[in-house]
2 protein chains.
Amino acid sequence: MSELNNHSLRITKQRQIILDELCSVTSHPTADVLYQMVRKRLPKISLGTVYRNLEIMSECGIIQKLDIGGTQKRFDGSAHVHYHVRCNQCGRVDDLDLPPDFNVEKAAGKLTSFKILRHRLEFTGTCPECQS
Amino acid sequence: MSELNNHSLRITKQRQIILDELCSVTSHPTADVLYQMVRKRLPKISLGTVYRNLEIMSECGIIQKLDIGGTQKRFDGSAHVHYHVRCNQCGRVDDLDLPPDFNVEKAAGKLTSFKILRHRLEFTGTCPECQS
DNA sequence: ATAATTGCAAACTCTTTGCAACGCC
DNA sequence: GGCGTTGCAAAGAGTTTGCAATTAT
């Protein structure tokens, strides 16, 4: 799948608007939420197109696909490495800008015969709205 | 090894054998792999029963449901907090017994208005078999 | 006795895919 | 014009659920 990098990605209005909408937002929307957002500007777009483009853009490293707890994948318009908090009640996902700890990858590397490539740290908590 | 007693949970042979098989293994099987394992001892068991019991037992804290990358959930017969490495090529998941770092939860708590409850640290790497 | 649990199959949710028409380069 | 991309709908994968029969306590 990494040969997608060699494909010339065309700039279609669908792709542009999906990326626009995703980047316009600090939440980490699921594909269907993003689909609803995009439909306000492109009423005829299909959900399949949204999925296809999110897949392609995350493979190209333009965006991130998040595989956080919960049944649906979420998408992040920012490609830089950072951590996340997920609300155990409503599922909301926020960024958590703790500095990425790459030393922990070295420590892990000493405990396993896996060749460590990256790590993911996720917090579960209760968001302010759900605390009341 | 975990016990089923203590809850209002009945000890059925299905439940007992599912737990037995899960605990007999250091891998982190998906529901369908575990189903195949259990079927060798209980050929008439249904996949739904396996799913139902894994759900119930993880809710009771007897086992853990892992929501690691990949399309299927995985299950861990051990309920103690620990980290995991997942192979980016074959999907195999191993334990990684780095001591859980609860200080990171305190640090995170200072950066967010979420009330932090727990954290999850997962590594991605290439397993020995896939390195060749 | 009675309430939890089971097997079965159908339903459900999320995501992917085949295909003919379309549109960017 | 060529070929990547789209909309549509159907298929796929994984999991959950309704129900009547069964079983643990």
Side-chain angles (χ1 to χ4, degrees), chain A residues 1-22 28-60 62-75 91 93, chain B residues 3-22 28-60 62-75 91 93:
Chain A
M1 291 293 177
S2 44
E3 73 248 45
L4 275 170
N5 292 323
N6 298 331
H7 291 182
S8 47
L9 283 191
R10 289 185 183 168
I11 304 176
T12 62
K13 57 182 181 323
Q14 288 88 342
R15 185 166 294 155
Q16 184 68 62
I17 290 178
I18 291 167
L19 183 58
D20 265 18
E21 288 296 317
L22 180 57
H28 300 75
T30 56
D32 63 301
V33 165
L34 190 55
Y35 170 59
Q36 297 304 337
M37 294 163 63
V38 169
R39 268 205 324 164
K40 292 180 181 148
R41 292 170 64 185
L42 273 182
K44 303 290 291 192
I45 198 174
S46 74
L47 181 57
T49 296
V50 173
Y51 271 109
R52 263 184 298 231
N53 277 296
L54 290 171
E55 184 62 32
I56 289 171
M57 292 190 292
S58 66
E59 296 246 328
C60 292
I62 301 170
I63 65 172
Q64 272 184 281
K65 176 156 46 164
L66 305 180
D67 208 353
I68 304 196
T71 52
Q72 302 179 54
K73 304 254 190 295
R74 288 173 172 270
F75 296 87
V93 175
Chain B
E3 289 293 328
L4 281 178
N5 284 323
N6 280 2
H7 303 84
S8 56
L9 288 190
R10 292 187 181 169
I11 304 175
T12 61
K13 56 183 181 322
Q14 290 86 342
R15 183 120 76 210
Q16 185 67 64
I17 290 179
I18 290 167
L19 182 57
D20 265 17
E21 289 296 316
L22 180 57
H28 301 76
T30 56
D32 64 301
V33 165
L34 190 55
Y35 170 58
Q36 296 304 337
M37 292 163 63
V38 169
R39 262 196 339 155
K40 292 180 181 149
R41 292 171 62 184
L42 274 181
K44 304 289 292 192
I45 199 175
S46 75
L47 182 57
T49 296
V50 172
Y51 271 108
R52 263 185 299 230
N53 277 297
L54 289 171
E55 185 61 33
I56 289 170
M57 291 191 291
S58 66
E59 294 228 329
C60 292
I62 301 170
I63 64 172
Q64 273 185 281
K65 174 154 51 164
L66 305 180
D67 208 353
I68 304 197
T71 52
Q72 296 171 265
K73 305 252 190 296
R74 287 173 174 271
F75 296 87
V93 175

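In what follows, chains carry the letters A, B, and so on, assigned in the order in which the sequence lines appear, proteins first and then strands, with residues in each chain numbered from 1.
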- Message: Tell me whether B:K65 is salt-bridged to B:E59, with the criterion being a basic N under 4.0 Å from an acidic carboxylate O.
- Response: no
- Item | Listed partners of A:Q36 passing side chain to side chain contact (heavy atoms under 4.5 Å, CB included), at least two apart | A:R39
- Message: Are B:I18 and B:M57 packed together at the side-chain level, in the sense that at least one heavy-atom pair is separated by less than 4.5 angstrom?
- Response: yes
- Rounded to whole angstroms, how far apart are CD on A:Q72 and C1' on D:dT15? 14 Å
- Query: When rounded to the nearest 0.5 angstrom, what distance separates OH in B:Y51 from CG in B:D32?
  - Reply: 6.0 Å
- Query: Relative to the 5' end of DNA chain D, which residue comes earlier, B:F75 or B:R52, by the nucleotide with the nearest heavy atom?
  - Reply: B:F75
- Message: Using a heavy-atom cut-off of 4.0 Å across all strands, would you classify B:D32 as base, sugar-phosphate, or nothing?
- Response: nothing
- What residues in residues 10-19 of chain A put a non-hydrogen atom under 4.0 Å from any atom of DNA chain D? A:R10, A:T12, A:Q14, A:R15
- Item | Gap between atoms OH and C1', on A:Y35 and D:dT6 respectively (whole Å) | 13 Å
- Length of the line joining B:N53:CG and D:dT16:P, which is rounded to integer Å: 13 Å
- Task: In whole angstrom, give the distance that lies between atom CG of B:L42 and atom C1' of D:dT23.
- Result: 14 Å
- Test salt bridge (charged side-chain N to carboxylate O under 4.0 Å, His left out) on A:E21 and A:K40 and set out the steps. CA-CA 10 Å; A:E21 288 296 317; A:K40 292 180 181 148; over 6 Å; no
- Task: Figure out the CD1/P separation between B:I56 and D:dT16, and round it to whole Å.
- Result: 11 Å
- Quick one: how far along DNA chain C does chain A reach, first to last nucleotide 5' to 3', anything under 4.0 Å to a heavy atom? C:dC14 to C:dC25
- Message: Can you tell me if B:I56 has over 12 outside heavy atoms packed within less than 6.0 Å of its CD1?
- Response: yes
- Query: Quick one: B:R74 CZ to D:dG14 C1', roughly how many Å, whole number?
  - Reply: 14 Å
- Report yes if the side chains of B:I62 and B:L9 come closer than 4.5 Å at any heavy-atom pair, otherwise no. yes
- Test item: A:R15 and A:L19 side chains (from C-beta on) under 4.5 Å apart, heavy atoms: no
- Determine whether A:T49 and A:T12 make a side-chain contact, defined as any pair of heavy atoms from C-beta on separated by less than 4.5 Å. no
- Whole angstrom value for the distance that separates P of D:dA10 from CG of A:L47: 15 Å
